[in-house]
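Notes for the one structure printed next.
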Amino acid sequence: MVKVENTKSIAMSDSIINLDHGDPTAYEEYWRKIGDRCTVTIRGCDLMSYFSDVNNLCWFLEPELAEAIKELHGAVGNAATEDRYIVVGTGSTQLCQAAVHALSLLAGGTEPVSVVAAAPYYSTYVEETTYVRSGMYKWEGDAWRFDKKGPFIELVTSPNNPDGTIRETVVNRPDDEEAKVIHDFAYYWPHYTPVTHCQDHDIMLFTFSKITGHAGSRIGWALVKDKEVAKKMVEYIIVNSIGVSKESQVRSAKILKVLKETCTSETENFFEYGREMMKNRWERLREVVKESDFTLPKYPEGYCNFFGKTLESYPDVTVGVFHVLTQAFAWLGTKEETDLVNDLRRQKVMSRAGERCGSDKKHVRVSMLSREDVFNVFLERLANMKLIKSIDL
């Protein structure tokens, strides 16, 4: 069992804490303890060419990163890599844009392809599909309300960002050849959710940042079944950035290999460490939220193939049900008719407004991935809001 050390919360101050972005600095302590095992030395004469493997469809993908990706998925059992093309990108953000571009181009129609996601959805999807004002595709909003005819792309995030729910497609057109799906599995790892089965879809996106916390490396990858889709994705990335940083790829490969090695360790298992840390944070958050006007989603327990057991849960005394509490974001709500993002801002806590995610003013997305001292300050300020509301009553 990997122990999670709780540090004392820093004192309340006038500093603003930003929990809007999912900056995964929570894992710094783990990697600090790993020490030099992830150190990579790059000489001035190394990695100078654009090309990594001219025989690979994705010719800018470093072979050692491709190998590390396959080995990690094999060890965790969360996604199929056989008979897939691996496309590397500058984070999954670039890959999502590349996939939307590829599917829209291959649709071959004269009208823009509709792009939808079920609310509450990842807010950046809106920006990704509207920023360049492409005539090839068009953001059509909430998939729950989508009934337009013609080709469309549904973005499915599971576990969902922002609310952590397990998602499948919402637009039910099983025999429609014009229906395309992009599956975003950024959080389908055992420190966030039970790995119940090996995912096997046409396009699956993953990001290095949310697995290990190394967001600054800007590495993501797509597992793609169809060769033509993979080719068009690669073409997009070539035009957009002429490949992906080799330095970042080499560092990512090294860290992923070390991560894979820890999967069988009783003392250094990263996923065990991450889950214990997140579970601890969720327990403390629920303790603050209980008997208040704040609300949090309910999560069922589930058997995790990676851990080989049903992940432990505990009763939430406020509603009398059981939860698996390791999601990367808290979908915080309130029973009151209020603008929650502004309420938190008055307490100098930055969060992501529910309206940006296709929801309402009564909900916000709060990152659970900050450093420990920042998270402790958040809990103190949330408790202070709870106290103020009780006094007002």
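- No option in F270, Y273, F208 other than F270 meets the ring-ring contact (aromatic ring centres under 6.0 Å, His included) test with Y27.
- Considering only heavy atoms from C-beta on, T193 stays 4.5 Å or farther from T326 through its side chain.
- At distances below 3.5 Å, at least one donor-acceptor pair connects side-chain atoms of D226 with backbone N or O atoms of V229.
- A donor-acceptor contact under 3.5 angstrom links the side chains of N240 and Q94, judged on distance only.
- At a threshold of 4.5 Å between non-hydrogen side-chain atoms, the residues E272 and F307 count as touching.
- Neither W59 nor M48 shares a network with the other; the hydrophobic side chains, linked directly or stepwise wherever heavy atoms of I, L, V, M, F, W or Y lie under 4.5 Å apart, form separate groups for each.
- With rounding to the nearest 0.5 Å, the separation of CE in M350 from CD1 in I17 is 10.5 Å.
- E372 has a carboxylate O that lies under 4.0 Å from a charged side-chain N of R284, or vice versa, which qualifies the two as a salt bridge.
- Between T81 atom OG1 and E71 atom CD the span is 10.0 Å, to the nearest 0.5 Å.
- The CD atom of E178 sits 9.0 Å away from atom NZ of K180, with the distance rounded to the nearest 0.5 Å.
- Ring geometry for F185 against H183 counts as parallel: the plane angle stays under 30°, on a 0 to 90° scale with 60° as the upper cut.
- Of the possible donor and acceptor atoms, one in the side chain of S241 sits under 3.5 Å from a partner among the backbone N and O of G243.
- The pair R32-E29 meets the salt-bridge criterion, since a charged nitrogen lies less than 4.0 angstrom from a carboxylate oxygen.
- Side-chain atoms of S245 come within 3.5 Å of backbone atoms of S248 as a donor-acceptor pair (strictly under, hydrogens ignored).
- Side chains of L65 and I219 form a contact here, defined as non-hydrogen atoms less than 4.5 Å apart.
- Hydrophobic clustering places W221 together with L205 (ILVMFWY residues linked when any side-chain heavy atoms are closer than 4.5 Å, directly or through intermediates).
- Under 3.5 Å, the side chains of S217 and R251 contain a donor-acceptor pair of N or O atoms.
- Judged purely by atom type and a 3.5 angstrom limit, W144 uses its side chain to pair as donor or acceptor with the backbone of A119.
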Residue pair E235, K232: steps toward the salt bridge (charged side-chain N to carboxylate O under 4.0 Å, His left out) verdict:
CA-CA 5 Å; E235 289 174 8; K232 296 302 180 186; 3.6 Å; yes
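- Distance check, rounded to the nearest 0.5 Å: CZ of R167 to OG of S158 gives 8.5 Å.
- Outside the 6.0 Å centre-distance limit, the rings of F60 and Y50 are not counted as a close aromatic pair.
- For the ring-ring contact (aromatic ring centres under 6.0 Å, His included) with W139, the lone residue among F146, Y131, Y121 that qualifies is Y121.
- A donor-acceptor contact closer than 3.5 angstrom is absent between the side chains of R381 and N384.
- Aromatic ring pairs are classed by plane angle as parallel below 30°, tilted from 30° to 60° and perpendicular above 60°; the pair F329 and Y187 is perpendicular.
- Heavy-atom minimum distance, V364 versus A353: CG1-CA, 4.5 Å.
- With D293 contributing its side chain and T334 its backbone, the two residues share no donor-acceptor pair below 3.5 Å.
- Using a distance-only test at 3.5 Å, with no hydrogens or angles considered, a donor-acceptor pair links the side chain of R84 to the main chain of E82.
- The side-chain heavy atoms of F306 and C263, taken from C-beta on, include a pair separated by under 4.5 Å.
- In this structure, L369 and K210 have side chains that are in contact, with non-hydrogen atoms separated by less than 4.5 Å.
- Between E67 and K70 there is no salt bridge, since none of the side-chain N atoms of the basic residue sits less than 4.0 Å from a carboxylate O of the acidic one.
- Cluster annotation: V244 and L72 are assigned to the same hydrophobic cluster (Ile/Leu/Val/Met/Phe/Trp/Tyr, side-chain heavy-atom contacts under 4.5 Å, transitive).
- Interatomic distance, I86 CD1 to C58 SG, rounded to the nearest 0.5 Å: 9.0 Å.
- T93 places a side-chain heavy atom less than 4.5 Å from the side chain of E128.
- Annotation: cation-pi geometry not satisfied between R275 and Y192 (NZ/CZ under 6.0 angstrom from ring centroid, within 45° of ring axis).
- The pair K309-E301 does not count as a salt bridge, with every side-chain nitrogen at least 4.0 angstrom from each carboxylate oxygen.
- The backbone N or O of R371 sits less than 3.5 Å from a side-chain atom of T25, completing a donor-acceptor pair.
- Cluster membership check: V113 shares its hydrophobic cluster with V126, using side-chain heavy-atom separations under 4.5 Å among Ile, Leu, Val, Met, Phe, Trp and Tyr.
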With side-chain contact (heavy atoms from CB on, under 4.5 Å) as the criterion, how do F294 and L382 come out once you've worked through the C-alpha distance, each side chain's angles and the decisive distance to 0.1 Å?
CA-CA 10 Å; F294 296 118; L382 194 65; 3.7 Å; yes
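- Judged by distance alone, the side chain of E154 and the main-chain N or O of V115 form no donor-acceptor pair under 3.5 Å.
- Here H73 and F206 bring their ring centres to under 6.0 angstrom of each other.
- Between W189 and F271, the ring planes are parallel. Angles under 30° get that label, and only those over 60° would be called perpendicular.
- The shortest side-chain heavy-atom distance between Q327 and P159 falls under the 4.5 Å cut-off.
- Under the 4.5 Å side-chain criterion, counting only non-hydrogen atoms from C-beta, L340 is in contact with L332.
- Electrostatic pairing of E336 and K362 does not count as a salt bridge here, judged by no charged N lying under 4.0 Å from a carboxylate O.
- Between Y125 and Y122, the ring planes are perpendicular. Angles over 60° get that label, and only those under 30° would be called parallel.
- Shown here for A98 and I237, the closest heavy-atom pair between the two residues is CB-CG1, 4.3 Å.
- The backbone N or O of E62 lies less than 3.5 Å from a partner atom in the side chain of Q249, making a donor-acceptor pair.
- Counted by atom type alone, D163 and N160 present one or more donor-acceptor pairs between their side chains at under 3.5 Å.
- Between R286 and E283, no side-chain nitrogen of the basic residue sits less than 4.0 Å from a carboxylate oxygen of the acidic one, so the salt-bridge criterion is not met.
- A side-chain donor-acceptor contact under 3.5 Å links K246 to the backbone of F51.
- Linking ILVMFWY residues whenever their side-chain heavy atoms come closer than 4.5 Å, directly or via other members, leaves L106 and F152 in distinct clusters.
- A donor-acceptor pair shorter than 3.5 Å cannot be found between the side chains of T262 and N269.
- With rounding to the nearest 0.5 Å, the separation of CD in Q97 from OG in S92 is 10.0 Å.
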